[in-house]
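The block underneath contains the structure these notes are about, expressed in structure tokens.
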Amino acid sequence: MQLSADLAFRSRPTPVARSRGDLRILDVRDDLSRVTRANGEIVGYVDRLDVAGGTAYRARRYVATERRFVELPNAWSADDAVDFLRWG
């Protein structure tokens with residue numbers, strides 16, 4: 001019984017890291033991605049939102065000195081939301 005549970009856990013697909021410029025994007029869940037620098041420093045998160053017009057993406061920048069997130073404007077594409085973190 002224990003062996004099958006371990007096997008099922010190991011057979012889950014591992015998320016694939018993507019990059020955009022100097023940032024790395026790793027899917028945490030289907031609707032949430034973590035954005036980091038190459039050295040592993042967390043820049044923020046991008047999450048998918050269902051809105052009346054379809055799907056929007058919200059970027060939240062992590063401010064390490066204040067230990068909090070700052071919500072940035074919503075975007076209509078995930079790439080644009082990552083660019084908000086990248087340039088903003």
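Both tests pass for Arg60 against the ring of Phe69: distance under 6.0 Å to the centre and angle within 45° of the axis.
Considering all non-hydrogen atoms of both residues, Arg48 and Thr55 come closest at CG-CG2, 3.1 Å. Residues Tyr57 and Ala78 come closest through the heavy atom pair CD1-N, 3.4 Å. Listed here is the closest heavy atom pair of Ala75 and Ala81: CB-N, 3.8 Å. For the residue pair Val82 and Val35, the shortest heavy atom distance occurs at CG2-CG2, 4.4 Å.
One finds the CZ atom of Arg86 at 10.0 Å from the CG atom of Asp79 (value rounded to the nearest 0.5 Å). The CZ atom of Arg24 lies 10.0 Å from the CG atom of Asn39; values are rounded to the nearest 0.5 Å. Of the inter-residue distances, the one linking Tyr45 atom OH with Leu32 atom CG reads 7.0 Å to the nearest 0.5 angstrom.
Under the 4.5 Å side-chain criterion, counting only non-hydrogen atoms from C-beta, Arg67 is in contact with Tyr62. Between Asn74 and Phe84, the closest side-chain pair of non-hydrogen atoms is not below 4.5 Å. With a 4.5 Å cut-off on side-chain heavy atoms, Asp83 and Arg20 count as touching. Counting only heavy atoms from C-beta outward, the side chains of Thr36 and Glu41 never approach each other to under 4.5 Å.
Arg61 places a side-chain N or O within donor-acceptor distance of the main-chain N or O of Leu85, the cut-off being under 3.5 Å.
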Set out, in order, the CA-CA distance, both residues' side-chain angles and the distance that settles side-chain contact (heavy atoms from CB on, under 4.5 Å) for Arg58 and Leu72, then state yes or no. CA-CA 7 Å; Arg58 175 180 53 194; Leu72 301 174; over 6 Å; no
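Residues Val28 and Ile42 share a hydrophobic cluster, clusters being chains of Ile/Leu/Val/Met/Phe/Trp/Tyr side chains in contact below 4.5 Å.
In this structure, Asp27 pairs ionically with Arg18, as a charged nitrogen and a carboxylate oxygen lie closer than 4.0 Å.
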